[in-house]
Asker: 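My structure is below; once you've seen it, I'll send some questions.
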Amino acid sequence: MGKALIIGAGGVASVCVHKCCQNSDVFEEICIASRTKSKCDALKEKLSGGKTKISTAQVNADNVDELTALIKKFKPDVVINLALPYQDLTIMDACLATGVNYVDTANYEPPDTAKFEYKWQWAYREKFENAGITALLGSGFDPGVTGVFSAYAMKHEFDEINYIDILDCNAGDHGYPFATNFNPEINIREVSAKGSYIENGKWVETEPMEIKRVYNFPMIGEKDMYLLHHEELESLAVNIKGIKRIRFFMTFSQSYLTHLKCLQNVGMTSIEPIEFEGKKIVPLQFLKAVLPDPASLGPRTKGKTNIGCIFIGKKDGKDKKYYLYNVCDHSECYKEVGSQAVSYTTGVPAMIGASMLLTGKWNKPGVHNIEEFDPDPFMEELNKFGLPWNESYDPDTVE
Ligand code: NDP
């Protein structure tokens, strides 16, 4: 049916490439392009022999001209950005220059300030509309499936949704005292930032990890979780009718938090460059270099993830609550595609989002968050491609 250019060859890209190959009727041809070409070639090696034709390329995604030249050469129908959030705008610029659809899983973040918000990408709305191409923002799990779940709940279960709590539980154990499940730089920047949530149309800010709750997760059990700022809060508060409050919670073990506190206290999580032996280094980037590579956690990680949304609102004048969630098993993911569940739960929706554009099921020129599209075909594909969802009409709610 079409051609996809996948940028990045890390944990998430690896899963996405596997899934594109499983969906070869839609993904006839893919090109994996990244800064380190050997990683693209290794993926190609692992997966060639199937129906999807695979090629690879070297590209610096910070450079619009390089990206544009690659897109002109490969002529994809969609570009799937699975590099880092810093590359979102350059890749969007190259898509505009060549008239190609765009998909990503994380919103733009300037490298020098740990602050992520949609304003930079939303500013491209008119340009994409005029070019007649679609940018699908946030097609991972959270953001991503959480937005699809919200659109599905709005479409089928509620007249208005007043409260959403997004709960992200990772009960996986990799056996290391401290490691991050995805890119350490992005992960640590996210969890060491101030928390925030939206209430009555306004952001309420908290200190990092200030708000703690305990939740009994289906198929996992009780876990401590903490309120974090998360990017989909911003778009869901705009796109879902009747929202009064929307919050995001993520589980962390005590050991993870103690290590993080210590690293913060000694300055290792700082993004301010320091002078070291005549060279400027960013402490957080150095920390990334000494921590285990998230890709290496796959074979060691046991246990499950549970990510989902609890909705509270009204249907036919009556109060209603509804919980949609997915449970994913780290070892099962590793057996299937050679990656743990955090990469898996992001790479699968990235493939599905791109397939929605390639098949024309979603076609809305402009820059759109995922909850702005019809959730039904996406929900079907989740069941088909390894992320089946569960629902409950009587969930525990979060205080
Ligand atoms: P990794 O660090 O494993 O992979 C990133 C890849 O991007 C690497 O292959 C890296 O190349 C490549 N890259 C980085 N900079 C450039 C550049 N300038 N030009 C070309 N390639 C580049 O990250 P993950 O796979 O864990 O994460 C990928 C994305 O997914 C991130 O944006 C992350 O925020 C997002 N994410 C989203 C989630 C969601 O649920 N929505 C959850 C988890 C992650 P090299 O090998 O040379 O370093």
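For the single chain, residues carry numbers from 1 onward in sequence order.
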Asker: Is the number of heavy atoms from other residues, nucleotides or ligands under 6.0 Å of K315 NZ greater than 12?
Answerer: yes
Asker: If only atom types and distance count, is the side chain of S196 paired as donor or acceptor with the main-chain N or O of W203 below 3.5 Å?
Answerer: no
Asker: Give the ring-plane orientation class for F248 versus H230, where under 30° counts as parallel, over 60° as perpendicular and anything between as tilted.
Answerer: parallel
Asker: Count the heavy atoms belonging to other residues, nucleotides or ligands that lie under 6.0 Å from NZ of K223, then report whether that count exceeds 12.
Answerer: no
Asker: Tell me if the centroids of the rings in Y322 and Y393 come within less than 6.0 Å of each other.
Answerer: yes
Asker: Tell me which one of V214, D165, L227 satisfies side chain to side chain contact (heavy atoms under 4.5 Å, CB included) with V398.
Answerer: D165
Asker: Test: side chain to side chain donor-acceptor pair (under 3.5 Å). Region: residues 135-151. Which pairs qualify, not counting sequence neighbours?
Answerer: T146-E232
Asker: Could you label the plane-to-plane angle of the F128 and Y102 rings as parallel, tilted or perpendicular, counting under 30° as parallel and over 60° as perpendicular?
Answerer: perpendicular
Asker: Does a sphere of radius 6.0 Å around CD in Q58 hold more than 12 heavy atoms from other residues, nucleotides or ligands, not counting ones at 6.0 Å or beyond?
Answerer: yes
Asker: Between K194 and E207, is there a salt bridge with N-O shorter than 4.0 Å?
Answerer: yes
Asker: Quick one: does any side-chain atom of N162 pair with a main-chain N or O of G242 as donor and acceptor, under 3.5 Å?
Answerer: yes
Asker: Could you check whether the rings of Y176 and H174 sit parallel, tilted or perpendicular, using 30° and 60° as the cut-offs?
Answerer: tilted
Asker: If you measure only the distance, is there a donor-acceptor pair under 3.5 Å linking the side chains of N107 and W120?
Answerer: no
Asker: Any salt bridge linking D77 with K3? Criterion: basic side-chain nitrogen under 4.0 Å from a carboxylate oxygen.
Answerer: no
Asker: Applying ring-ring contact (aromatic ring centres under 6.0 Å, His included), can you list everything that pairs with F158, at least two apart in sequence or on another chain?
Answerer: none
Asker: Considering residues, nucleotides and ligands other than K73, do more than 12 of their heavy atoms fall under 6.0 Å from its NZ?
Answerer: no
Asker: Sequence neighbours left out, what passes side chain to side chain contact (heavy atoms under 4.5 Å, CB included) with M268? Give chain and number order.
Answerer: L263, V266, F286, L287
Asker: With sequence neighbours excluded, what pairs up with F252 under the ring-ring contact (aromatic ring centres under 6.0 Å, His included) test?
Answerer: Y256
Asker: Would you please say whether a donor-acceptor pair under 3.5 Å links the side chains of D396 and Y323?
Answerer: no
Asker: Using a 6.0 Å cut-off, check whether atom CD of E272 has over 12 heavy atoms from anything other than its own residue.
Answerer: no
Asker: Is the count of non-hydrogen atoms from other residues, nucleotides or ligands lying under 6.0 Å from K155 atom NZ greater than 12?
Answerer: yes
Asker: Restricting to side chain to side chain contact (heavy atoms under 4.5 Å, CB included), what partner residues turn up for P85, sequence neighbours left out?
Answerer: A106, E109, I186
Asker: Is T346 reaching over with its side chain to a backbone N or O of F141, donor-acceptor style, under 3.5 angstrom?
Answerer: no
Asker: Which pairs count as side chain to side chain donor-acceptor pair (under 3.5 Å) when at least one residue sits in residues 6-31, sequence neighbours excluded?
Answerer: K19-Q22, K19-E336, K19-Y344, Q22-E336, D25-K51
Asker: Between K302 and D173, is the closest basic N to carboxylate O distance under 4.0 Å?
Answerer: no
